[in-house]
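Below is one structure, written out as structure tokens, with a few remarks after it.
Note that the coordinates shown come from a computational prediction; the quantities given were computed from them, not determined experimentally. Reckoned from all heavy atoms, side chains included, excluding hydrogens, waters and symmetry mates.
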Amino acid sequence: EALSPLPRSCRDALADPHWRRAMEEEHTALLDNDTWELVPRPAKANVVTGKWIFKHKFHADGSLDRYKARWVLRGFTQRPGIDYDETFSPVVKPATVRTVLTLAHSRDWPIHQLDVKNAFLHGTLSETVYCSQPTGFADSAFPDHVCRLHKSLYGLKQAPRAWYSRFASFLLSLGFTEAKSDTSLFIYCRGTEMVYLLLYVDDIVLTASSEQLLHRVIMALKNEFAMKDLGPLHHFLGVAVQRTKDTLLLSQRQYILDILGRHGMSDCKPCSTPVDTCAKVSADNGPPVADPTAYRSLAGALQYLTFTRPDIAYAVQQICLYMHDPREVHLVAAKRILRYLQGTVDYGLIIPRSAPTQLIVYTDADWAGCPDTRRSTSGYAVFLGGSLVSWSSKRQPTVSRSSAEAEYRAVANGVAEVVWLQQLLQELHHHLKTASLVYCDNVSAVYLSSNPVQHQRTKHVEIDL
């Protein structure tokens, strides 16, 4: 069956049976959740307007899942200090996701994914907010009334925070604890029973030490929230997960194909490396690109791809340096990454079933590599057992006056990440039996870490020492 195209207006949507059904389901969910009450429009009150957003939802293989319509408020019409106050809401870190999956796979725990239906509608508002009635669904008895919100709605600036607070408080009442190293990780531990829960807005990954305990937690969540158990983990945050007896493969194949198609590179000729190692691009080389917005969109999409592709982390970091003023040479570098992806579309991150007993970090730096600022680039890769769980490629904030100093800063960054991972593993009740190892290929940096002498070349890196 051919897809109904995305409607251009609310009138077009109401005329199409697929989209109308999706709008009716959304409106029913809003009413069932007691999201608002209709009241006469207060004098001088700020009424936040809204609009319908339409989207096709697809399965991991690209086939149609469902038509989705959502009533979204225009949060930019809210007044700070009156309609909202705090808006920050945490999301789980990628390294935390990989670490939890490594531990769960090594112990052969069941891993499920859950989806919260209309997650933001569960958040309770502490402010008084008025909004207009949904277009096409105004109450015929009170067409001029407005909605006084009881629950948060998509588009409100405080909606993610209200949902997170509501969900976290419920988990704490079940006996979970909130991890200090990542506040979107919740841990339940009672004797030999253990549960890890990862929250990324309304997507949840849940793993437990037994199937019975897992289903007990799922039932408790379903009793409180409108939630769907999607079964064993297979597609999370655009990442496809394939689990076998020995390995867990994380890949973003469909995401790569979408990027290539969006930028007209579906039939491009592949290349063997993501970056030209001989030449460094400069900030003001060549003419500006014709469409800077498209360049920034591509850079952002590639950044998200590094969730499972550490092999492009350095190349993506290089093109992200020039998002403020992209030039044609930078676009050529970005397209080279796309050509590399064309030839490696099936690559992914493999998590082997190995004993995660030790943290090992490899660090390196490229001294004064930036042709414009002469700043160095640091990189590290952290392994938990045989699994790569964290990596980084980042330009250093200051100029290093020697290669030893640049390498030492790279080691300091790697050690900081290892210390955080050690704390995370302690909170996950997984205690490492051996010390963490740090590998560095610069003899001077190694000597400096063993003998922290303050001499002329290193006196200004005292804080890293």
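- Nearest heavy-atom pair, Trp71 versus Leu153, reported as atom, atom and distance to 0.1 Å: CD1-CD1, 4.2 Å.
- Looking only at side-chain heavy atoms (C-beta outward), Phe167 and Leu199 come within less than 4.5 Å of each other.
- Looking at Ser400 and Arg375, their side chains never bring a donor and an acceptor atom within 3.5 Å of each other.
- Between Leu230 and His112 there is no side-chain heavy-atom pair separated by less than 4.5 Å.
- Across Ser266 and Gly261, no two heavy atoms sit closer than the pair OG-CA, 3.2 Å.
- Between the CD atom of Gln358 and the CG atom of Leu432 there is a distance of 8.0 Å, given to the nearest 0.5 Å.
- For Thr128 against Arg148, the heavy-atom pair with the smallest separation is OG1-NH2, 3.7 Å.
- In the model, Ser181 has a side-chain atom that pairs as donor or acceptor with a side-chain atom of Glu427 under 3.5 Å.
- Ion pairing between Asp34 and Lys151 fails under the 4.0 Å rule for side-chain N and carboxylate O.
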Does the salt bridge (charged side-chain N to carboxylate O under 4.0 Å, His left out) test come out yes or no for Arg166 and Glu224, once each step is laid out? CA-CA 11 Å; Arg166 171 83 174 81; Glu224 185 69 15; 2.5 Å; yes

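- In this model, a donor atom of one side chain and an acceptor atom of the other lie less than 3.5 Å apart for Asp311 and Tyr340.
- Here the closest non-hydrogen pair linking Ile187 and His429 is CG2-CD2, 4.0 Å.
- Counting heavy atoms from C-beta on, the side chains of Gln422 and Leu359 come closer than 4.5 Å.
- Note on ring orientation: taking the six-membered ring where Trp is involved, the planes of His27 and Trp36 are tilted (angle from 30° to 60°).
- When all heavy atoms are compared, the tightest approach of Ala410 to Ala365 is CB-CB, 3.9 Å.
- Using modelled atom types, one finds a donor on one side chain and an acceptor on the other under 3.5 Å when comparing Tyr380 with Glu417.
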Does Glu405 form a salt bridge (charged side-chain N to carboxylate O under 4.0 Å, His left out) with Arg409? I'd like the steps, not just the answer. CA-CA 6 Å; Glu405 183 186 333; Arg409 289 193 190 281; 3.2 Å; yes

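- Aromatic pair Phe137/Trp52: ring centres closer than 6.0 Å.
- The two residues Arg353 and Asp108 make their nearest non-hydrogen contact at NH2-OD1, 3.1 Å.
- Each of Asp229, Leu171, Val116 was evaluated against Leu221; a single residue qualifies, Leu171, per the side-chain contact (heavy atoms from CB on, under 4.5 Å) test.
- Gln426 and His431 are not linked by any side-chain donor-acceptor pair at a separation below 3.5 angstrom, with hydrogens and angles left out of the test.
- In this structure, His122 and Phe225 have perpendicular ring planes: the angle between them is above 60°, well past the 30° mark.
- Remark: the Glu193 side chain and the Ser209 side chain contain no N/O donor-acceptor pair separated by less than 3.5 Å.
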Go through the steps to decide whether Glu178 and Thr183 satisfy the test side-chain hydrogen bond (donor to acceptor under 3.5 Å, both in side chains), and finish with yes or no. CA-CA 6 Å; Glu178 193 179 72; Thr183 50; 5.5 Å; no

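- Atoms OG1 and CG, on Thr35 and Leu125 in that order, are 10.0 Å from each other to the nearest 0.5 Å.
- Rounded to the nearest 0.5 angstrom, Leu341 CG and Asp346 CG are separated by 11.5 Å.
- Residues Ser390 and Trp420 fail the side-chain proximity criterion, which asks for heavy atoms closer than 4.5 Å.
- In this structure, Thr363 and Cys440 have side chains that are in contact, with non-hydrogen atoms separated by less than 4.5 Å.
- With rounding to the nearest 0.5 angstrom, the CG atom of Leu6 is 9.5 Å from the OH atom of Tyr67.
- Here CG of Leu248 is found 10.0 Å from CD1 of Ile350. Values are rounded to the nearest 0.5 Å.
- In this structure, a donor-acceptor pair under 3.5 Å is absent between the side chains of His324 and Arg296.
- Between Ile360 and Val382 there is no side-chain heavy-atom pair separated by less than 4.5 Å.
- Counting heavy atoms from C-beta on, the side chains of Leu103 and Leu425 come closer than 4.5 Å.
- Other residues, nucleotides and ligands contribute over 12 non-hydrogen atoms within 6.0 Å of the CD atom of Gln423.
- Between the side chains of Thr87 and Gln158, no donor-acceptor pair is found at a separation under 3.5 Å.
- A cation-pi arrangement is present between Arg107 and Trp109, with the terminal nitrogen or guanidinium carbon under 6.0 Å from the aromatic centre and inside a 45° cone about the axis.
- Asp83 has no carboxylate O lying under 4.0 Å from a charged side-chain N of Lys157, or vice versa, which leaves the two without a salt bridge.
- Residues Arg161 and Ser152 bring no donor and acceptor atom of their side chains to less than 3.5 Å of each other.
- Ring geometry for Trp19 versus Phe54: interplanar angle over 60°, hence perpendicular rather than tilted (30 to 60°).
- Summarising the geometry, atom OH belonging to Tyr196 is positioned 5.0 Å from atom CE belonging to Met194; distances are rounded to the nearest 0.5 Å.
- Using a 4.0 Å cut-off between charged side-chain N and carboxylate O, Glu211 and Arg216 make no salt bridge.
- With Leu233 as the partner, the side-chain contact (heavy atoms from CB on, under 4.5 Å) test is satisfied by one option alone out of Val239, Val205, Thr207: Val205.
- Inter-residue side-chain proximity for Val389 and Leu101 is flagged as unmet; no heavy-atom pair is nearer than 4.5 Å.
- Side chains of Thr247 and Thr244: a donor on one and an acceptor on the other come within 3.5 Å.
- No side-chain donor from either of Asp366 and Ser376 sits under 3.5 Å from a side-chain acceptor of the other.
- Looking at Arg98, its side chain does come within 3.5 Å of a backbone N or O of Phe307 through a donor-acceptor pair.
- Between Arg20 and Glu24 there is a salt bridge, since a side-chain N of the basic residue sits under 4.0 Å from a carboxylate O of the acidic one.
- For the residue pair Asn118 and Glu26, a side-chain donor N or O sits within less than 3.5 Å of a side-chain acceptor on the partner.
- For Asp202 (side chain) and Ala119 (main-chain N/O), no donor-acceptor pair under 3.5 Å exists by modelled atom type.
- Ring pair Tyr188/Phe176 is tilted by interplanar angle, where 30° to 60° counts as tilted.
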